[in-house]
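First up is the structure itself, then whatever we jot down about it.
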Amino acid sequence: MLVEKNVPLQSLNTFHIVAKAHALVRIGSEADVRALLADPQWGPQPKLVLGGGSNVVLTGDVKPVVLKVEVKGMHLVGETAKAWIVEAGAGELWHELVRWTLAQGYPGLENMALIPGTVGASPVQNVGAYGVELQDRFESLDAIDLQTGKVFALNAAQCAFGYRDSVFKHGTVPQPGADAAATEHQNLGLKDRALILRVRLALPKVWKPVLGYADIEKKMAEHACPQPSAQQIFDWVCDIRRAKLPDPAVMGNAGSFFKNPTVTAEQCADIIARDPKVVHYHLDDGTVKLAAGWLIDSCGWKGKTVGQAGVYEKQALVLVNRGSGVDGLGATGGEVMTLARAIQTSVYERFGIVLEPEPVVV
Ligand code: EPU
């Protein structure tokens with residue numbers, strides 16, 4: 001086992017924040033995790049799992065041992081009456097998996113093209129775009145327990161997927177109605193306890209396009225194409241994302257910085273009374289989802305900057321590193337978080353809504 005010391009993390013996080021890992025171990029398989037756990041010096045130390053680094057804000061050098069997941073491979077591993085089952089190593093790039101599945105003739109991931117990050121990070125966040133979330137295509141995953149070295153599989157229910165949420169983001173899984181003490185002992189979450197090794201997806205044999213989103217409908221009208229193929233949707237989603245989201249290779253960012261908040265119908269009516277233009281979507285359970293990008297935009301944040309951290313000009317939901325790539329200089333995690341807190345305060349003061357950050361702050 002090779003433990004690399006003082007490893008620069010700037011190229012390993014998509015915000016391109018300058019920080020170092022005191023120690024970093026590359027994980028190519030479960031054997032690498034077991035070797036680390038068995039090591040008397042490194043085994044007992046706190047650990048941080050890093051995938052594509054597309055959903056973290058580093059606020060300083062990282063003291064826990066960084067486990068850089070590099071498990072590879074993409075295969076068809078089975079089929080059911082309804083679906084092809086495809087398995088991918090956690091270290092594969094998500095977008096490459098989307099491309100590969102389409103090329104093999106297994107559509108279903110096209111709406112989620114160009115989402116940055118790795119396959120292993122996709123269930124943590126339950127990534128999603130243009131009407132499809134990972135949970136809609138998820139079959140199961142293999143993970144390894146970072147205390148015992150035991151490999152275990154989880155199905156979708158066990159992953160407890162929610163909007164940009166899963167069992168991997170929680171120390172405990174909240175159960176509606178359960179008392180807190182019982183929850184703590186019965187429903188342990190997996191935050192910092194498991195490393196995802198492989199993810200299996202179920203891609204429908206009878207494919208139907210998911211077209212409900214306004215941006216996609218606009219493309220259908222522009223191209224006079226009411227029945228697009230999966231490849232066409234893939235190309236459109238790539239175009240749409242390139243037009244409104246910054247490419248992390250050019251300008252550091254972590255995608256949407258805040259979740260779209262959900263409010264009750266009464267809260268929404270109150271906000272509409274104050275600002276009739278608020279962008280909102282009614283959900284099946286009677287609640288209403290608000291567009292966080294619109295809330296931030298209407299507080300005047302587009303293009304604003306704190307130090308080298310800024311709000312992207314074309315999408316107020318995305319915070320960017322304006323100095324990334326310039327001689328290793330750029331925004332610090334502190335600047336990003338100062339900007340994020342200022343945005344939260346102004347949205348709260350104007351709309352009474354607390355925006356919840358999406359990335360993990362380390
Ligand atoms: N809007 C504004 N001003 C802005 C940004 C947005 O007025 O600065 C308005 C838009 O005009 C639109 C609405 O807000 O009416 C929603 O914007 P958009 O369609 O761009 O989607 P979003 O809600 O901002 C979400 C996801 C994205 C995903 C897109 C498409 C979250 C937190 N974000 O963004 O996911 O690609 O929908 O499905 O749910 C990510 O998670 O990193 C991400 C990019």
Side-chain angles (χ1 to χ4, degrees), residues 10-11 13-18 52-59 95 112-117 125 127-130 164 213-219 222 235-261 275 277-281 289-351 353 355-359 361:
Q10 192 182 7
S11 64
N13 75 97
T14 62
F15 245 122
H16 303 313
I17 288 171
V18 175
S54 61
N55 209 46
V56 287
V57 183
L58 301 176
T59 55
H95 181 67
M112 295 186 281
L114 269 193
I115 292 181
Q125 275 293 95
V127 295
Y130 304 102
R164 297 294 192 276
Y213 267 57
D215 282 335
I216 299 217
E217 280 174 356
K218 226 156 77 190
K219 287 281 182 195
E222 256 170 54
D235 292 340
W236 291 345
V237 168
C238 290
D239 284 355
I240 295 165
R241 292 186 72 103
R242 286 195 178 110
K244 73 159 118 177
L245 297 170
D247 178 353
V250 179
M251 190 185 279
N253 74 89
S256 301
F257 198 90
F258 297 101
K259 294 185 188 182
N260 285 327
D275 203 329
K277 293 192 299 296
V278 62
V279 177
H280 61 286
Y281 315 93
K289 189 175 268 195
L290 305 178
W294 185 90
L295 298 172
I296 299 167
D297 193 2
S298 69
C299 291
W301 280 102
K302 249 187 202 164
K304 291 277 163 65
T305 299
V306 168
Q308 298 273 37
V311 180
Y312 191 53
E313 282 74 6
K314 296 184 207 162
Q315 215 318 357
L317 197 49
V318 179
L319 304 192
V320 294
N321 182 352
R322 299 207 190 278
S324 55
V326 187
D327 300 332
L329 298 172
T332 62
E335 286 171 345
V336 173
M337 294 314 294
T338 302
L339 177 60
R341 285 192 201 104
I343 291 170
Q344 283 172 310
T345 304
S346 83
V347 168
Y348 182 73
E349 283 173 356
R350 171 129 188 234
F351 296 104
I353 287 171
L355 290 181
E356 196 188 323
E358 235 203 284
V361 181

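Treat the numbers as computed from the prediction; the structure is a model and nothing was measured.
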Would Val311 and Leu319 satisfy side-chain contact (heavy atoms from CB on, under 4.5 Å), going step by step from the backbone distance to the final call?
CA-CA 5 Å; Val311 180; Leu319 304 192; 3.9 Å; yes

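- For the salt bridge (charged side-chain N to carboxylate O under 4.0 Å, His left out) condition, the pairs that include at least one residue of residues 305-315, sequence neighbours left out, are Glu313-Arg322.
- Every residue was checked against the salt bridge (charged side-chain N to carboxylate O under 4.0 Å, His left out) condition with Lys304, not counting sequence neighbours, and none meets it.
- You'll find the side chain of Leu295 reaches within 4.5 Å of the side chain of Pro261, heavy atoms only.
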Indicate every side-chain donor-acceptor pair of residues 236-251 with a distance under 3.5 Å to a residue at least two apart or in another chain.
{"residue": "Lys244", "atom": "NZ", "partner": "Asp215", "partner atom": "OD2", "Å": "2.9"}
{"residue": "Asp247", "atom": "OD1", "partner": "Ala249", "partner atom": "N", "Å": "2.9"}

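- Contact between His95 and Leu114 at its shortest, heavy atoms only, is ND1-N, 2.7 Å.
- Residues satisfying the salt bridge (charged side-chain N to carboxylate O under 4.0 Å, His left out) criterion with Lys259, sequence neighbours excluded, are Glu356.
- Put simply, OG on Ser256 and CZ on Arg164 are 6.0 Å apart, with the number rounded to the nearest 0.5 Å.
- Pairing each heavy atom of Pro359 with each of Phe257, the nearest pair is CD-O, 3.2 Å.
- For Asn260, there are no side chain to side chain donor-acceptor pair (under 3.5 Å) partners at least two apart in sequence or on another chain.
- Shown here for Asn55 and Ala254, the closest heavy-atom pair between the two residues is OD1-O, 4.0 Å.
- Taken from OG in Ser54 to CD in Gln125, the straight-line distance is 7.5 Å, to the nearest 0.5 Å.
- His16 contributes a side-chain N or O that, together with a main-chain N or O of Gln10, makes up a donor-acceptor pair within less than 3.5 Å.
- Evaluation of the side chain to side chain donor-acceptor pair (under 3.5 Å) rule for Ser346 yields Trp301 as partners, not counting sequence neighbours.
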For residues 334-344, which side-chain N or O atoms pair as donor and acceptor with protein atoms under 3.5 Å away, sequence neighbours left out?
{"residue": "Glu335", "atom": "OE1", "partner": "Gln308", "partner atom": "N", "Å": "3.2"}
{"residue": "Glu335", "atom": "OE1", "partner": "Thr332", "partner atom": "N", "Å": "3.2"}
{"residue": "Thr338", "atom": "OG1", "partner": "Gly334", "partner atom": "O", "Å": "2.8"}
{"residue": "Gln344", "atom": "NE2", "partner": "Leu355", "partner atom": "O", "Å": "2.8"}

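- Distance check, rounded to the nearest 0.5 Å: CG of Leu290 to NE2 of His280 gives 8.0 Å.
- Tyr213 meets the ring pair (Phe, Tyr, Trp, His ring centres under 6.0 Å) test with Tyr130; sequence neighbours excluded.
- Within the 4.5 Å cutoff, the side chain of Arg350 has heavy atoms near those of the Ser298 side chain.
- Every side chain to side chain donor-acceptor pair (under 3.5 Å) that Lys302 has, sequence neighbours left out, goes to Asp297.
- Nearest heavy atom pair, residue Gly52 against residue Thr14, reads O-CG2, 3.8 Å.
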